[in-house]
Structures are given as structure tokens and as C-alpha cells.
2 protein chains.
Amino acid sequence: MGKTLRDSSKDAAAAATLRLRHAGLRPTRQRVELASLLFKNCDRHVTAESLHDEVTDAGLKVSLATVYNTLHQFTEAGLLRQVIVDSARSYFDTNTGDHQHFFLESEGMLIDIPGESIAVAGVPAPPPGLSVDRVDVVIRVKRA
Amino acid sequence: MGKTLRDSSKDAAAAATLRLRHAGLRPTRQRVELASLLFKNCDRHVTAESLHDEVTDAGLKVSLATVYNTLHQFTEAGLLRQVIVDSARSYFDTNTGDHQHFFLESEGMLIDIPGESIAVAGVPAPPPGLSVDRVDVVIRVKRA
DNA sequence: AACGGGATTAGAACTATTCTAAACTGTGAG
DNA sequence: CTCACAGTTTAGAATAGTTCTAATCCCGTT
Ligand SMILES: [Mn+2]
Ligand SMILES: [Mn+2]
Ligand SMILES: [Zn+2]
Ligand SMILES: [Zn+2]
């Protein structure tokens with residue numbers, strides 16, 4: 001009962017469609033294709049440009065503007081989260097759970113650190129009138 | 001023996017000149033003016049644009065390109081450090097010591113947290129071939 | 001005072017991202 | 001099944017922050 005390539009592509013598309021409906025997003029061709037790539041396998045960290053390259057290399061045609069729109073809509077819908085580690089590029093993360101990152105700047109690579117393994121202690125109370133929205137830890141690493 | 005305004009401006013300029021010489025940077029008019037603003041009082045977090053506005057509002061004339069050049073040269077020389085909290089703007093910090101930040105995104109405001117007060121525990125060893133360069137903690141805060 | 005190399009500058013260029021407004025398409029009503 | 005329409009996509013223009021270029025300037029030395 002091996003599934004053919006076309007079968008598993010259809011499965012991914014069906015799963016993506018469900019996920020989109022669930023998030024209240026109309027499952028258009030472009031959104032289904034992008035969601036299939038993003039959520040098919042393991043957790044991923046993408047850039048608008050990198051995802052656009054990937055979808056293009058897969059022989060699919062989605063405009064860069066749509067990739068940007070989609071990444072933001074997915075983020076808004078809680079399907080992605082944005083990771084800020086570079087003042088010139090935006091990264092999006094398919095892992096929306098509690099976790100932190102290693103960042104290898106020279107290659108623009110992010111590596112997950114499970115949220116349970118890391119702990120930030122001694123955070124002072126924020127100044128009056130402000131409340132903590134979230135705590136980000138970025139461990140910048142270098143080669144060798 | 002109160003000093004006049006002109007006197008203290010001269011003092012600041014003299015101090016800035018010394019600091020620049022010490023860092024191996026030629027004390028030009030522009031660098032002295034920018035260093036005077038940056039290091040006169042308490043610790044500060046600036047943007048190229050905000051510093052340019054400030055120096056302009058003080059009636060001095062420094063091009064935006066020079067502000068960018070100077071911020072990078074100062075950073076290179078260890079007089080400033082860069083803080084990455086926004087994927088669209090670069091912040092520079094006059095506090096080069098060990099510390100972390102609250103970030104109020106809606107106003108682009110950074111607030112220091114002393115390094116001693118905060119502790120990050122449970123950081124896993126970086127993947128083989130990589131070594132930790134530095135650990136950044138950003139506590140994103142919201143109004144109310 | 002003159003020189004030489006670093007520094008400054010205006011403006012062009014560049015890059016990531018967002019905007020615009022026209023064409024397209026998923027969906028639900030009929 | 002078809003139609004209509006709101007939501008979506010798109011190419012290309014626009015924007016914003018930053019960097020680059022190459023001509024001019026000026027600090028420090030002689
Ligand atoms: Mn102003
Ligand atoms: Mn930018
Ligand atoms: Zn992640
Ligand atoms: Zn600081």
C-alpha cells in the first residue's frame with residue numbers, strides 16, 4: 001500500500017486545506033501550496049525570499065507579494081511566529097510553541113532550543129504602565 | 001565658580017576628543033559633536049535617524065551618511081554596541097557593558113536591565129563546530 | 001604654508017518590504 | 001450549475017533604512 005508521490009502531495013494539500021479552514025483563511029491555491037511546504041515536515045525557519053525560492057523551485061508560481069502577504073496572515077492567525085534576530089531581514093518560524101534560538105548570523109541559520117530547557121531568572125518588574133509581552137533569548141553563535 | 005554654558009560645551013568637546021584619540025579615531029568636528037551628544041550624560045539608545053535629528057536640532061550640520069559611518073566606527077572601536085530588537089531599524093547603545101533590555105516596540109524605546117540582575121540558565125551546548133558569541137535577552141513589553 | 005591620506009558629503013544606488021489598483025477566483029446563494 | 005461578489009493575487013511602483021560613489025574637505029605632520 002505505498003502511496004504514490006501524487007498521493008502524498010494530495011494528502012499534504014488536504015491537510016493544509018483543513019489547517020487553513022480551521023484558521024479562518026480561504027484555502028486558495030497559493031496558500032495551500034505555501035502551507036504544504038511550511039508544515040509538511042519538521043519545524044522550519046524561513047524568510048520571505050527563501051520560501052519564495054522554494055516554492056518557485058518546486059515549479060509552482062506564487063508572487064513574492066503573496067509570499068509576504070501569506071507569511072503575515074499565517075502569523076496573524078497563529079500558524080507562524082516571527083523571530084527577530086537580524087535588523088535587515090524577517091524570519092518566520094513554524095514552531096509557535098515556547099522556545100528560543102541559536103542564531104548563526106553568517107549563514108542566517110536558526111536552531112531551536114526547547115522552552116523547557118532554558119530559564120531566564122531575575123527579570124525585574126517592567127516600568128510602571130508596562131507589562132511583559134514575551135521574553136526572547138537569542139544565543140548568537142559563531143563557527144569554530 | 002559656576003561654569004558658563006560655553007564652558008561646559010567645551011568640556012564635553014575636550015572629553016570627547018580625548019575619548020576619540022584613545023580609541024584611535026581622528027577627532028573631527030563631526031565625530032566630536034556626535035560623541036559629545038552620545039556620551040555627555042547617562043546611557044543612551046539611539047537610531048541613526050534619531051541621532052541625526054538631535055545633532056541637527058542642536059544647530060549643527062552633520063550629514064546622515066556621516067552619522068551612519070560614525071555609529072559603525074564607534075561600534076567597531078568598542079565605544080558603542082548594536083542592539084537588535086527590530087527587523088527594520090538599527091539601535092546603538094552607549095552602554096557597552098553586560099546588560100539586557102526591555103523593548104517597548106510601539107515607541108521604539110529601549111530600557112536597560114543590569115546584567116547582574118538577570119540570569120539565563122539551561123542553555124544547551126551549541127551544535128558541534130559552533131561556539132557561543134553572546135546571549136541576548138529582549139523582554140518585549142506593552143502599554144498597560 | 002603645503003601635503004597626503006583619512007573623513008565628509010550629496011545624491012545615487014540598493015535591498016527588504018509594503019502599497020496600489022487591476023485582474024482573478026473561491027464560495028455560497030439562487 | 002451558474003452568477004455575483006468579496007476576498008485574493010499580482011506586477012510593478014513606491015517606500016524606508018542603509019550603503020555606496022566619487023568629489024571635496026580638513027586634520028595632523030612636516
Ligand atoms: Mn527634528
Ligand atoms: Mn530595509
Ligand atoms: Zn524556532
Ligand atoms: Zn542598553
Side-chain angles (χ1 to χ4, degrees), chain A residues 13-14 16-37 45-56 60-77 79-80 82-92 105 108 110, chain B residues 13-14 16-37 45-56 60-77 79-80 82-92 105 108 110:
Chain A
T17 300
L18 262 192
R19 192 190 291 256
L20 290 171
R21 286 228 147 82
H22 221 257
L25 293 168
R26 193 193 281 188
T28 64
R29 171 181 66 80
Q30 292 87 338
R31 298 214 272 226
V32 170
E33 289 172 358
L34 292 171
S36 294
L37 288 174
H45 303 96
V46 302
T47 259
E49 202 71 47
S50 81
L51 183 58
H52 184 250
D53 283 358
E54 189 176 340
V55 75
T56 299
L60 308 170
K61 186 159 160 283
V62 180
S63 76
L64 183 58
T66 295
V67 173
Y68 274 103
N69 291 339
T70 301
L71 287 172
H72 285 131
Q73 289 152 356
F74 284 12
T75 300
E76 189 82 12
L79 267 37
L80 294 177
Q82 207 167 346
V83 181
I84 298 178
V85 287
D86 185 314
S87 55
R89 221 176 311 283
S90 279
Y91 289 84
F92 294 84
E105 179 167 32
L110 283 162
Chain B
T17 300
L18 261 192
R19 194 190 291 256
L20 290 171
R21 286 227 147 82
H22 223 255
L25 293 167
R26 192 195 283 187
T28 64
R29 171 180 67 81
Q30 292 84 341
R31 298 214 271 226
V32 170
E33 289 172 357
L34 292 171
S36 294
L37 287 174
H45 303 95
V46 303
T47 259
E49 203 71 46
S50 79
L51 183 58
H52 184 249
D53 282 358
E54 190 177 339
V55 76
T56 299
L60 307 170
K61 185 158 163 284
V62 180
S63 76
L64 183 58
T66 295
V67 173
Y68 274 103
N69 290 339
T70 301
L71 287 172
H72 285 129
Q73 290 152 357
F74 284 12
T75 300
E76 189 82 15
L79 268 35
L80 293 176
Q82 207 167 347
V83 181
I84 298 178
V85 287
D86 184 314
S87 54
R89 221 178 309 282
S90 279
Y91 288 84
F92 293 84
E105 180 167 32
L110 284 163

Sequence neighbours excluded, which residues qualify as side-chain contact (heavy atoms from CB on, under 4.5 Å) partners of [X]?
{"X": "B/Thr75", "value": "B/Leu80, B/Phe92"}
{"X": "B/Ser50", "value": "B/Val46, B/Thr47"}
{"X": "B/Ala77", "value": "B/Ala23, B/Leu25"}

Nearest whole angstrom, please: distance from the [atom2] of [N] to the [atom1] of [X].
{"X": "A/Asn69", "N": "C/dA16", "atom1": "CG", "atom2": "P", "answer": "18 Å"}
{"X": "B/Glu49", "N": "D/dT19", "atom1": "CD", "atom2": "C1'", "answer": "14 Å"}
{"X": "A/Leu64", "N": "D/dA13", "atom1": "CG", "atom2": "P", "answer": "15 Å"}
{"X": "B/Leu20", "N": "D/dC27", "atom1": "CG", "atom2": "C1'", "answer": "13 Å"}
{"X": "B/Leu71", "N": "D/dG17", "atom1": "CG", "atom2": "P", "answer": "15 Å"}
{"X": "B/Glu76", "N": "D/dT19", "atom1": "CD", "atom2": "C1'", "answer": "16 Å"}
{"X": "A/Gln73", "N": "D/dT10", "atom1": "CD", "atom2": "P", "answer": "12 Å"}
{"X": "B/Tyr91", "N": "D/dT18", "atom1": "OH", "atom2": "P", "answer": "10 Å"}

Next on the checklist: Which nucleotide wins on minimum distance to the side chain of B/Thr70, given the candidates C/dT8, C/dA10, D/dA11?
Outcome noted: C/dT8
Exercise answer: donor-acceptor pairs, residues 65-72 of chain B side-chain atoms, under 3.5 Å, sequence neighbours excluded:
unit_1, atom_1, unit_2, atom_2, d
B/Thr66, OG1, B/Ser63, OG, 3.0
B/Asn69, ND2, B/Ala65, O, 3.3
B/Thr70, OG1, B/Thr66, O, 2.7
B/His72, ND1, B/Tyr68, O, 3.2

At less than 4.0 Å, is any side-chain N or O atom of [X] found next to OP1 or OP2 of [N]? Yes or no.
{"X": "A/Lys61", "N": "D/dA11", "result": "yes"}
{"X": "A/Tyr68", "N": "C/dT18", "result": "no"}
{"X": "A/Thr66", "N": "D/dT10", "result": "yes"}
{"X": "B/Thr28", "N": "C/dT8", "result": "yes"}

Produce the list of close N/O pairs, under 3.5 Å, pairing protein atoms with atoms of nucleotides 28-30 of chain D; give distances to one decimal.
unit_1, atom_1, unit_2, atom_2, d
D/dG28, OP1, B/Arg21, NH2, 2.4

Item to check | Sugar-phosphate, base or nothing in reach of A/Ser90, heavy atoms under 4.0 Å | outcome: sugar-phosphate
Checklist entry - Which part of the nucleic acid, if any, lies within reach of B/His72 when heavy atoms closer than 4.0 Å are counted: base, sugar-phosphate only, or nothing? => result sugar-phosphate
Item to check | Earlier contact from the 5' end, DNA chain C, for B/Arg31 and A/Gln30 | outcome: B/Arg31
Next on the checklist: Other residues, nucleotides and ligands only: do more than 12 of their heavy atoms fall within 6.0 Å of CD on B/Gln82?
Outcome noted: yes
Item to check | Listed partners of A/Arg29 passing salt bridge (Lys or Arg N to Asp or Glu O under 4.0 Å), at least two apart | outcome: A/Glu33
Item to check | Set of salt bridge (Lys or Arg N to Asp or Glu O under 4.0 Å) partners for A/Glu54, sequence neighbours left out | outcome: A/Arg44
Item to check | Test item: A/Lys61 and A/Val55 side chains (from C-beta on) under 4.5 Å apart, heavy atoms | outcome: no
Next on the checklist: I need the full list of side chain to side chain donor-acceptor pair (under 3.5 Å) pairs touching residues 17-28 of chain B, with sequence neighbours left out, sorted by first then second residue.
Outcome noted: none
Item to check | Where B/Ile84 and A/Ser87 come nearest, the two heavy atoms and their spacing | outcome: CG2-N, 4.0 Å
Listed pairs, N/O of protein and of nucleotides 21-23 of chain D, under 3.5 Å:
none

Next on the checklist: Which is more 5' along DNA chain D, the nucleotide nearest A/Leu25 or the one nearest B/Arg29? Just name the residue.
Outcome noted: A/Leu25
